[in-house]
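Remarks on the structure that follows.
Keep in mind that this is a model prediction, so the values were computed, not measured. Note: hydrogens, waters and symmetry copies are ignored here, and every other heavy atom, side chains too, is used.
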Amino acid sequence: QVYVVESGGGLVQAGGSLRLSCVASGSIFSIDNMGWYRQAPGKQRELVAKVTTSGITDYTDSVKGRFTIPSDNAKNTVYLQMNSLKPEDTAVYYCNALVARYRWAPLVGYWGQGTQVTVSS
């Protein structure tokens, strides 16, 4: 089994900052990438940012220049540093880890339970 656990959500005023953390653990041979997604009420889940184990990052346009995705491969951990938060960033944020459970295994995505981020105006 693979476990993905997020932490660090909360309530913050517009213009403030929050840092989310995500750890993947369990039966993991290798990780291809880890990323953050978010889902606001009535909207589809969308990619916020992701990072490969080689350090390649990808951000959705609306967070470029405000969010970063530091990572620690040795700890199977990624963070989401969110600065200059806006009310439209309010959503449940989910972490995803793309994992191979053993050598030659196919990559499978595993999701965390989500953490609420609320930005007040």
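Residues Leu85 and Tyr59 fall within the same hydrophobic cluster, defined by Ile, Leu, Val, Met, Phe, Trp and Tyr side chains chained together at heavy-atom separations under 4.5 Å. Hydrophobic cluster membership differs between Val5 and Val108, with clusters built from Ile, Leu, Val, Met, Phe, Trp and Tyr side chains linked at under 4.5 angstrom.
Rounding to the nearest 0.5 Å places CD of Gln81 at 9.5 Å from CZ of Phe67. One finds the CG atom of Asp58 at 9.5 Å from the CD1 atom of Ile69 (value rounded to the nearest 0.5 Å). Ser62 contributes atom OG, which lies 5.5 Å from atom CD of Glu46 (distance to the nearest 0.5 angstrom). We find the CD-CG distance between Glu6 and Asn96 to be 9.5 Å, quoted to the nearest 0.5 Å. For the atom pair OG of Ser30 and CG of Asn73, the computed distance is 11.0 Å after rounding to the nearest 0.5 Å.
Applying the salt bridge (Lys or Arg N to Asp or Glu O under 4.0 Å) test to every pair with at least one member in residues 71-84, sequence neighbours left out, gives no pairs at all.
Side chain of Asp32 to backbone of Leu98: no donor-acceptor contact under 3.5 angstrom is found.
Taking every heavy atom of both residues into account, Ala24 and Ala97 meet most closely at CB-CB, 4.2 Å. Closest non-hydrogen pair, Tyr93 versus Trp36, comes out as CB-CE3, 4.3 Å. Closest approach of Leu80 and Ala49 over heavy atoms only: CD1-CB, 4.2 Å.
In this structure, Leu47 belongs to a hydrophobic cluster whose other members, linked by side-chain heavy atoms under 4.5 Å apart, are Tyr37, Val92, Tyr94, Trp111. Other members of a hydrophobic cluster containing Tyr79 are absent, since no ILVMFWY side chain comes under 4.5 Å of it, directly or through relayed contacts.
Residues satisfying the salt bridge (Lys or Arg N to Asp or Glu O under 4.0 Å) criterion with Lys43, sequence neighbours excluded, are absent altogether. Taking Arg66 as the reference, Asp89 meet the salt bridge (Lys or Arg N to Asp or Glu O under 4.0 Å) condition, with sequence neighbours excluded.
Between Met34 and Cys22 the shortest side-chain heavy-atom distance falls below 4.5 Å. Looking at Ile28 and Val2, their side chains come closer than 4.5 Å, going by heavy atoms from C-beta outward. At least one side-chain heavy atom of Val63 sits under 4.5 Å from a side-chain heavy atom of Arg38.
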Please tabulate, for the side chains in residues 114-121, all donor-acceptor contacts under 3.5 angstrom to protein atoms that are two or more places apart in sequence or on a different chain.
from, atom 1, to, atom 2, distance (Å)
Thr115, OG1, Gly9, N, 3.2
Gln116, NE2, Ala91, O, 3.4
Gln116, NE2, Thr118, OG1, 3.3

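Within a 6.0 Å radius of CD in Gln1, other residues, nucleotides and ligands contribute more than 12 heavy atoms.
Residue Met82 forms a side chain to side chain contact (heavy atoms under 4.5 Å, CB included) with just one option from Leu20, Val12, Thr68, and that option is Leu20.
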